[in-house]
Structure formats: structure tokens, C-alpha cells
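To start, the structure under review is shown below, and the notes come after it.
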Amino acid sequence: MDNALHTDVLIVGGGMAGGLLALLLADQGFSVRVLDAGPAPVRPSGESAPRVSTLSEASHWLLRHAGVWDRLDPERVQAYASMQVWDRDGTGEVRFSAADAGAECLGWLLENDHLTAALFEAAGERDTLAWHGDTPVDDLTRDGDGWRVTAGDRTFSADLLVGADGARSRVRDAAGIPAPARDSGHRALVATIETDRPHGGCARQAFMDSGPLALLPLFGHGGHRCSIVWSAWPQRSDELMALDDDAFGAALSQATGEVLGAARVVSRRAVFPIEERHASRYQGRALALVGDAAHVIHPLAGQGINLGLLDAAVLAEELGRARAAGLPVAHATILARYERRRRADNLLMQNAMRGFKLLFERPEPAVRWLRNTGLGLVNRLAPARHAFMHRALGRAGDLPRNARP
């Protein structure tokens, strides 16, 4: 084996979680290689791309400590300082404010491609980090105490293999770790819309029997653009996709109660199934899983990528702990500690999202009264609001050092 093709850590998947992990490890002196099946990330330009993510305060600090946040174009990042959540079929409503949490804002919206491109650019400045695009993996096999990965006519090896390759992870499959898909019963319809009234830096979510509808504020256009994630039963999503743009705008305006006035779609609409997964283990022999390779949750709270970035940060922290103690990078105790720190927190969030979905799709009057009363209580009780905001900001759980100021 050519020593030039051997690294301490080999990461399969160059998305947001894999990219952040690569930077954090390289900054600690590890030799790292990233293999990604897609082309090298390119910064988006012009109109907003349809796929966006919501970043928490914890994710903001992770990216700032990794030297990535300042690479982002501030003109394409939209902060939001308030949230409005309401039951469209009832009377319950709750509002959250950054001021109540002692924060500058509650989160940020940006395009997935924008963040991935910034990570890729930062990777180019790390001497011990190599990032290969257009490099799909053909085969993964154990190699003594490590792994051997074949991609095209090259074979790479590493002491530790990390799966950051998404919900249908080949790395997870190669390690024989089960993560069966669970149909959530929903599909997600995504699009960019324009509204009569500006969003005012507020993220909004309306719950209906058929599923939640999120209005996420976007940059530019005087604050009149939002990204929507409309989760609904398959029949309902099929009906919405079959509508022409004018009819879809009318349906959207009705679903939101015209909270921002009339809404018009200004992009192509796309729909995809929502599945939940949770790997039975996050680690194995000389192997670890992060992000969607380890867990996939319902997108109704926009926490999926934030959980993945925390996975990356905790794993990097634990590997740094191993190096400081003179232990091998793939030491079983270190990998088990990573799993303990992340699995319970991720499972809690997954179950919470599942519970919210079930609660709001139940049509019984008693259940509707209960959820409306609950939302009203949360809105009136400051401690309850603070508890929700604390978790949404990413301040809860066993946080890595880099997720704090």
C-alpha cells in the first residue's frame, strides 16, 4: 500500500457534517481524507437554491471556531430573531424571541450548497487534509486494524473510517450496522415563495391535521422571500404538486391564514419522502457514523443538520482526547464514549419530533383542546418558553467545547 494513500482518518461523504469533521480533525494534526461522490462544491449565486438549512447557535459557534463562518457571504445568510408556532386548526399559539433567551438571534437560514462550498474552500488551506470530489466509493473492506477503500483505480487506507454518507450509508452497510427506514407517513414539499408582507426575520410554523408547514425567512428581496417545507400526507402532497402555480399560491395562502399576506411560488416545487432512521450503533471496529448515516429525524423543527454537526464536533473532540492520551485514533473506548455522548440526545430529539407530529395530526376534540391549551401555557409561562428556546439554540445536552462561545 502506498503510504501517500494512507491517512489517520478517512471520511466517506463531503456534506456539511463530514466537511466540518474533516476540518476539526485536521486542525488537531490528524491526516484526513474526504471522498465524496459529488463534484467539488460551488458557491450558489443568483436566486436562492431550494435546499436550505436552519443553523442553531451551537452550530454557529462550531463553524466560527473552525474558521468557516467568516467565509460565508453575509448577503446570503438570513438571521431570525423570533419564531411563531400555531395550530392552524385551533387557537393555540406560541411566540419565541431571541431577547427572551439573552441571544442576538435564534438561528440562521442558509443554502446547503453555500455552507458546503465554504467548508470545501477552508479544507484547501489545511496541509493534512485532502478532499476528493467526483470519487464514488466502489468497495470497503477491513484491512487488519483499519479499513481499505477502493474508488475507481485508487485504493485508500485509514486507521479510522467515518461514514458521513447520508441516510443510505454504504459505510454503515459495510459495517453491518442496521438502520431500518421508518416511513413517517409524510412527504416534504419544498419551494421558494414571495409574500406580500416581509417576513421580519421571523421563522414561522403552522401545524395542521395533514402536517406542519414551515415558512423560513430568506435573504434579499426586501425580506419578501421565504423557503417553505410543507410536510403532508402523500395524497395531500400529490394534490398540491398537481396544482398550477396560481392555485398552489392560493392553497398556500389559505394554509398559512395569510400570515404574510398572499403568497406566490417563485421556484420549482420538489417533493421527497420523509423517512426516519436510527442506527443500532454509531461505532464499530475502527469505524464511526455521523449525521444522517447515524440518524434521520422529521424535518419539522429543522434540527437534522444541527445534530449532525454536533456529532462531528463530539467525535473530533473524543479523537483529540485519544491523541492527547497517546491512544490509537480508533481506540474502542474512545469511539464508545462518542456514541454515549451523542446517541441519547439524538434519540430524544427524534422521539420529540415524532410526538409533535402525532399530537398535531390527531383530530379528536379532546386532543385538539389539549394541544391548544399546552401551546397557550408555553406562551404565557416564561420558564417553559426558555426551556424550548434553550434546546432550539443548541444549548442543551453534553456539548463539545467548540459549540460554545
**Message:** So that I know where these two stand, are H298 and H186 an aromatic pair - ring centroids less than 6.0 Å apart?
**Reply:** yes
**Request:** Would you give the length of the straight line joining atom CG of L110 to atom OG of S227, rounded to the nearest 0.5 angstrom?
**Result:** 11.5 Å
**Donor-acceptor pair, side chain of S253 and main chain of E258, under 3.5 angstrom** = no
**Message:** Is there a side-chain contact between L319 and F30 in this structure, where contact means two heavy atoms from C-beta onward sitting under 4.5 Å apart?
**Reply:** yes
**Request:** Could you go through the side chain to side chain donor-acceptor pair (under 3.5 Å) check for R277 and H295 one step at a time?
**Result:** CA-CA 5 Å; R277 292 177 186 263; H295 48 79; over 6 Å; no
**Prompt:** Please walk me through it: do W86 and F207 pass ring-ring contact (aromatic ring centres under 6.0 Å, His included)?
**Reply:** CA-CA 6 Å; W86 73 100; F207 282 92; 9.2 Å; no
**Asked** Are the side chain of R126 and the backbone of L24 linked by a donor-acceptor contact shorter than 3.5 Å?
**Response** no
**Message:** Closer than 3.5 angstrom, by distance alone: can the side chain of D8 be matched with the main-chain N or O of S31 as a donor-acceptor pair?
**Reply:** yes
**Asked** Looking only at heavy atoms, what is the nearest atom pair of L5 and T155, with distance?
**Response** CD1-O, 3.3 Å
**Prompt:** Nearest 0.5 Å, what's the CZ-SG distance between R204 and C202?
**Reply:** 4.0 Å
**Message:** Looking at G223, is its backbone amide N or carbonyl O close enough to the side chain of H221 to form a donor-acceptor pair, meaning the two atoms are under 3.5 Å apart?
**Reply:** no
**Item:** Side-chain heavy-atom pair T256, L213 within 4.5 angstrom cut-off
**Value:** yes
**R51 atom CZ, over 12 foreign heavy atoms within 6.0 Å** = no
**Item:** Given E339, R337, R343, the one that forms side chain to side chain donor-acceptor pair (under 3.5 Å) with Q283
**Value:** E339
**Prompt:** Which heavy-atom pair separates A175 from R281 by the least distance, and what is that distance?
**Reply:** O-NH2, 4.1 Å
**Message:** Less than 4.5 Å apart, side chain to side chain, heavy atoms only: is that true for R197 and H224?
**Reply:** no
**Asked** Are the side chain of D398 and the backbone N or O of R341 linked by a donor-acceptor pair below 3.5 Å?
**Response** no
**Request:** Would you indicate whether E239, at its atom CD, is surrounded by more than 12 heavy atoms from other residues, nucleotides or ligands within a distance under 6.0 Å?
**Result:** yes
**Request:** Assess whether side-chain contact (heavy atoms from CB on, under 4.5 Å) is satisfied between V34 and L129, documenting all intermediate values.
**Result:** CA-CA 8 Å; V34 177; L129 171 54; 4.1 Å; yes
**Message:** Walk me through whether S59 and N306 qualify under side chain to side chain donor-acceptor pair (under 3.5 Å).
**Reply:** CA-CA 6 Å; S59 293; N306 295 300; 2.6 Å; yes
**Complete:** Heavy atoms of V296 and A167 approach each other most closely as CG2-CB, 3.7 Å
**Prompt:** Is a side-chain N or O of T135 found less than 3.5 angstrom from the main chain of G133, in a donor-acceptor match?
**Reply:** yes
**Prompt:** So R264 and D196, salt bridge (charged side-chain N to carboxylate O under 4.0 Å, His left out) or not? Walk me through it.
**Reply:** CA-CA 9 Å; R264 297 166 293 282; D196 284 345; 2.9 Å; yes
**Prompt:** Heavy atoms, side chains only, cut-off 4.5 Å: are M208 and W230 in contact?
**Reply:** yes
**Request:** Report yes if some heavy atom in the side chain of L161 is under 4.5 Å from a heavy atom in the side chain of V149; otherwise report no.
**Result:** yes
**Prompt:** Stepwise, does the side chain to side chain donor-acceptor pair (under 3.5 Å) test hold for S157 with D143?
**Reply:** CA-CA 8 Å; S157 65; D143 180 26; 5.0 Å; no
**Message:** For residues 218-233, which residue pairs pass the salt bridge (Lys or Arg N to Asp or Glu O under 4.0 Å) check, not counting sequence neighbours?
**Reply:** E47-R225, E194-R225
**Prompt:** Below 4.5 Å, heavy atoms only, C-beta onward: do I297 and L307 meet side chain to side chain?
**Reply:** yes
**Request:** Apply the test side chain to side chain donor-acceptor pair (under 3.5 Å) to residues D311 and Y282: give CA-CA distance (whole Å), side-chain angles for both, the deciding distance (0.1 Å), then the verdict.
**Result:** CA-CA 10 Å; D311 291 345; Y282 286 13; 5.8 Å; no
**Closest approach of Y338 to L289 (non-hydrogen atoms, all atoms of both residues)** = OH-O, 2.6 Å
**Request:** Could you go through the salt bridge (charged side-chain N to carboxylate O under 4.0 Å, His left out) check for D292 and R168 one step at a time?
**Result:** CA-CA 8 Å; D292 285 356; R168 292 169 175 79; over 6 Å; no
**CA sep, side-chain torsions, deciding dist, call: D70, R64, salt bridge (charged side-chain N to carboxylate O under 4.0 Å, His left out)** = CA-CA 7 Å; D70 290 339; R64 185 170 290 281; 3.3 Å; yes
**Message:** Can a donor-acceptor pair be found, under 3.5 Å and without considering hydrogens, that links the side chain of Q28 to the backbone of A316?
**Reply:** yes
**Message:** So, taking the atom named CH2 in W108 and the one named CG in L63, what distance separates them when rounded to the nearest 0.5 Å?
**Reply:** 10.0 Å
**Request:** Return the orientation label for the H60 and W69 ring planes: parallel under 30°, perpendicular over 60°, tilted otherwise.
**Result:** perpendicular
**Request:** Kindly say whether R43 contributes a backbone atom to a donor-acceptor pair with the side chain of R76 at under 3.5 angstrom?
**Result:** no
**Message:** Side chains of L310 and L62, heavy atoms from C-beta outward: is any pair under 4.5 Å?
**Reply:** yes
**Salt-bridge contact D165-R170 (side-chain N to carboxylate O under 4.0 Å)** = no
**Fill in**
In terms of heavy-atom contacts, R401 and E317 come closest through N-OE2, 2.8 Å
**Item:** Derivation and outcome, side-chain contact (heavy atoms from CB on, under 4.5 Å), residues R148 and F156
**Value:** CA-CA 6 Å; R148 186 185 298 262; F156 306 95; over 6 Å; no
**Prompt:** Are side-chain heavy atoms of L287 and V171 found at a separation under 4.5 Å?
**Reply:** yes
**Asked** Do the numbers put R187 on top of the ring of F272, so that NZ or CZ is under 6.0 Å from the six-membered ring centre and no more than 45° off the axis?
**Response** no
**Message:** Please determine whether the number of non-hydrogen atoms from other residues, nucleotides or ligands lying under 6.0 Å from atom CG of D127 exceeds 12.
**Reply:** no
**Side-chain donor or acceptor of W147 paired with backbone N/O of A286 under 3.5 Å** = yes
**Fill in**
Here the gap from E111 atom CD to L72 atom CG, rounded to the nearest 0.5 Å, amounts to 10.5 Å
**Asked** Using 4.0 Å as the upper bound for N to carboxylate O, is an ion pair formed by R342 and E318?
**Response** no
**Ring-ring centroid check H199 Y80, cutoff 6.0 Å** = no
**Fill in**
Smallest heavy-atom separation, A288 atom then L335 atom, equals CB-CD2, 4.4 Å
**Prompt:** Taking atom CG of D27 and atom NE2 of H65, what is their separation to the nearest 0.5 Å?
**Reply:** 12.0 Å
**Prompt:** So how far is it from L315 CG to L160 CG, rounded to the nearest 0.5 Å?
**Reply:** 6.5 Å
